[in-house]
Amino acid sequence: VTHVLMYTHYLVTSLGLHNPLKSQLTNFQLAQFASCVLHAALVFASETVLPARLAYIQLVYHPTLLFLFGFQMKWVPSWITGQTITGRESEAPEKKVA
């Protein structure tokens, strides 16, 4: 579900439209990462068939995503986010037709 929503967001923004649900979509993605951490912890604690290292990989990987997308989005260049230094969205320059 998350990937469908993310790619729909990418489609909408690529068409030049503003997505008012962008922050909710990011929160939804962060919730997915958190649920993956919980799932990996439960598998790590109770799995008896598969190797525990598979759950360990997820226990390391998903908190990294939570950290990067939850707290470190400032590293993303402004030309990707459309944000200025003040945190507001920048206005796209108008294209001149020759």
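Numbering of residues begins at 1 and proceeds along the displayed sequence.
- Interatomic distance, CG of Leu30 versus NE2 of His62, reported as 12.5 Å (0.5 Å rounding).
- Side-chain contact between Phe69 and Thr26 is absent, with no heavy-atom pair separated by less than 4.5 Å.
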Review point. Do His39 and Val43 pass the side-chain contact (heavy atoms from CB on, under 4.5 Å) test, and can you show the C-alpha distance, the side-chain angles, and the key distance before you say yes or no?
Key: CA-CA 6 Å; His39 176 259; Val43 168; 3.6 Å; yes
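- Once rounded to the nearest 0.5 Å, the distance linking CG of Leu15 with OH of Tyr10 reads 15.0 Å.
- The heavy-atom pair separating Ala40 from Ala55 by the smallest distance is O-CB, 3.6 Å.
- Nearest heavy-atom pair, Ala41 versus Leu59, reported as atom, atom and distance to 0.1 Å: N-CD2, 3.7 Å.
- Hydrophobic clustering, with ILVMFWY side chains joined whenever heavy atoms are under 4.5 angstrom apart, groups Val60 together with Phe44.
- Put simply, CG on Leu68 and CZ on Phe33 are 9.5 Å apart, with the number rounded to the nearest 0.5 Å.
- From Thr2, atom OG1 reaches atom NE2 of His9 across 13.5 Å, with rounding to the nearest 0.5 Å.
- Under a hydrophobic-cluster definition in which Ile, Leu, Val, Met, Phe, Trp and Tyr are linked whenever side-chain heavy atoms come within less than 4.5 Å, directly or via other members, Tyr7 and Val4 are assigned to different clusters.
- The CE atom of Met6 sits 13.0 Å away from atom CG of Leu11, with the distance rounded to the nearest 0.5 Å.
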